[in-house]
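To start, the structure under review is shown below, and the notes come after it.
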Amino acid sequence: MTQRGPLLGDVLRLSDDPFLKELGVGVLDERPIASIGDISRAAYELACAALGDRPRIDPDAYVSPRANVHEDVIIGPGAKVYEYSTVRGRTVISSHVHIGYGCEISRSLVGEHTILSHRSTLGCCAIGRNCYFSADLLTAACVMTNSDMLRPDKPISFALPDGGRLSTGEPKWSALIGDGVRVGSRVTVGPGAVINSGSVITANTTVATTWVPPNSRVTTSTPETRMTSL
């Protein structure tokens, strides 16, 4: 933690991911989250510079002919993108990631061995290694008070451990999710959520601008969300 808030590596260490480390993305670990802003874009630009003329999609990755993968995407070895999924918008997918049927991923970073089940929708987020997301995950990326929702201009603030908030300077910023997080079905995360490693989010839960400590269990208990240690 610095005067400018937590470092990215305090929540999510990209240098622990061999594929991302090889591409030089691990340097972001030592930067404050607030100073990075668009984390996926920063990671994408570093990875593109390291790849040079090499293919953006690793030859050992599988992309279904019925998937829609745009040119501005990096996909690591052993990753799988299944039917009717879309991946776009300066997104970086690390090695051995599983992207199930009917997902949409844009402007996001996904760490190695993470599993995205059916109909997961990720936008403007960064996710660590060895995470599991059940069906119907949604990461919300902008606030509803923008006058033009197609062109949002109100910057997102993310949660801090002391209950405060710190601006990202970005009008679209959904969540930062650490390693080994498990998320049940029909869950909405963000904008401005920080979920630390080893936590569990149970089904039908909304986690908005909240700092979730490591190894927490988050459940919905009407009318509030409750958080306990595992």
So CD of Glu71 and CD1 of Ile57: to nearest 0.5 Å the spacing works out to 9.5 Å
Val63 reachable from Val110 in the ILVMFWY side-chain graph, under 4.5 Å edges: yes
Do side-chain atoms of Asp17 reach the backbone of Glu112 as a donor and acceptor pair under 3.5 angstrom? yes
Starting from the C-alpha separation in whole Å, work towards a yes-or-no answer on side-chain contact (heavy atoms from CB on, under 4.5 Å) for Leu122 and Ile127. CA-CA 10 Å; Leu122 306 182; Ile127 295 173; 3.6 Å; yes
Would you indicate whether the side-chain heavy atoms of Leu8 and Ile39 approach each other to under 4.5 Å? yes
Ile93 with Tyr84, same ILVMFWY side-chain cluster at under 4.5 Å: no
Run the numbers on Asp38 and Tyr44 for side-chain contact (heavy atoms from CB on, under 4.5 Å), then give the verdict. CA-CA 10 Å; Asp38 187 341; Tyr44 177 79; over 6 Å; no
With a 4.5 Å heavy-atom cut-off, do Pro155 and Pro171 have their side chains touching? no
Val212 side chain near Asn196 side chain, heavy-atom distance below 4.5 Å: no
Looking only at heavy atoms, the pair that brings Val81 and Ala67 closest together is CG1-CB, 3.9 Å
Minimum heavy-atom separation for Asp153 and Asn146, please, with both atom names. N-OD1, 2.9 Å
Tell me whether Trp173 is reachable from Leu166 by hopping between hydrophobic residues (I, L, V, M, F, W, Y) whose side-chain heavy atoms are closer than 4.5 Å. yes
Does Arg182 CZ have over 12 foreign heavy atoms under 6.0 Å away? yes
Please report the interatomic distance NE2(His98) to SG(Cys103), rounded to the nearest 0.5 Å. 7.5 Å
Ignoring hydrogens and angles, tell me if any N or O in the side chain of Asn130 forms a donor-acceptor pair with the backbone of Thr114 under 3.5 Å. no
Just to verify, which of Val69, Leu116, Thr86, Ile75 counts as forming a side-chain contact (heavy atoms from CB on, under 4.5 Å) with Ile99? Leu116
Would Met149 and Met144 count as a side-chain contact (heavy atoms from CB on, under 4.5 Å) if you check the C-alpha gap in whole Å, the side-chain angles of each, and the deciding distance to 0.1 Å? CA-CA 7 Å; Met149 294 305 296; Met144 296 295 101; 3.5 Å; yes
Just to verify, which of Val11, Asp10, Val207, Thr209 counts as forming a side-chain contact (heavy atoms from CB on, under 4.5 Å) with Val194? Val11
Between Asp29 and Ser15, do the side chains contain an N or O donor and an N or O acceptor separated by less than 3.5 Å? yes
Within the structure provided, determine whether Arg56 and Val73 are in side-chain contact (heavy-atom separation under 4.5 Å). no
Donor-acceptor contact present, side-chain Asp72 to main-chain Gly89, <3.5 Å: yes
Does the side chain of Asn204 pick up a donor-acceptor pair with the side chain of Thr202 at under 3.5 Å? no
To the closest 0.5 Å, what do you measure between OG (Ser197) and CG (Asn215)? 6.0 Å
Side chain of Ser174, backbone of Cys124: donor and acceptor closer than 3.5 Å? yes
Criterion side-chain contact (heavy atoms from CB on, under 4.5 Å) against His118, the qualifying member of Tyr82, Phe133, Tyr101: Tyr101
Ala193 versus Ala208, closest heavy-atom pair with distance: CB-O, 3.0 Å
Mind listing the closest non-hydrogen atom pair of Cys131 and Gly180 along with its distance? SG-N, 3.7 Å
Just by distance, do the side chain of Ser106 and the backbone of Gly123 share a donor-acceptor pair under 3.5 Å? no
How are the rings of His113 and His96 set relative to one another: parallel (under 30°), tilted (30 to 60°) or perpendicular (over 60°)? parallel
Identify the heavy atoms of Pro214 and Ser199 that sit nearest to each other, and give their distance. C-OG, 3.9 Å
Please examine the side chains of Pro6 and Trp211, heavy atoms only from C-beta on, and report whether any two atoms are closer than 4.5 Å. yes
List the steps, then state whether side-chain contact (heavy atoms from CB on, under 4.5 Å) holds for Leu23 with Leu51. CA-CA 7 Å; Leu23 296 180; Leu51 284 170; 3.8 Å; yes
Within the side chain of Ser85, is there an N or O that forms a donor-acceptor pair under 3.5 Å with the backbone of Gly100? yes
Nearest non-hydrogen partners of Ser134 and Gly184, listed with the distance: CB-C, 3.5 Å
Quick check on side-chain contact (heavy atoms from CB on, under 4.5 Å): which of Arg90, Arg41, Arg88 does Arg107 satisfy it with? Arg90
Examine distances only and state if a side-chain atom of Thr91 and a backbone atom of Ser108 form a donor-acceptor pair shorter than 3.5 Å. yes
Looking at side-chain heavy atoms only, is the closest gap between Leu28 and Leu46 below 4.5 Å? yes
Contact between Thr168 and Ile33 at the side-chain level, heavy atoms closer than 4.5 Å - yes or no? no
Quick check: do Leu7 and Arg31 have side-chain heavy atoms less than 4.5 Å from each other? no
Rounded to the nearest 0.5 Å, what separates atom CG in Leu14 from atom CG in Leu12? 4.5 Å
Single-linkage hydrophobic cluster Val200~Leu138, side-chain heavy atoms < 4.5 angstrom: no
Taken to the nearest 0.5 Å, the spacing of Ser216 OG from Ile201 CD1 works out to 8.0 Å
Start with the C-alpha distance between Arg186 and Asp136, add both sets of side-chain angles, then the distance that settles salt bridge (Lys or Arg N to Asp or Glu O under 4.0 Å), and finish with yes or no. CA-CA 5 Å; Arg186 298 177 299 281; Asp136 297 321; 5.0 Å; no
Using 0.5 Å steps for rounding, measure from the CZ atom of Phe158 to the OG1 atom of Thr210. 13.5 Å
When clusters are formed by joining ILVMFWY residues with side-chain heavy atoms under 4.5 Å apart, either directly or through shared neighbours, do Val143 and Leu176 land in the same one? yes
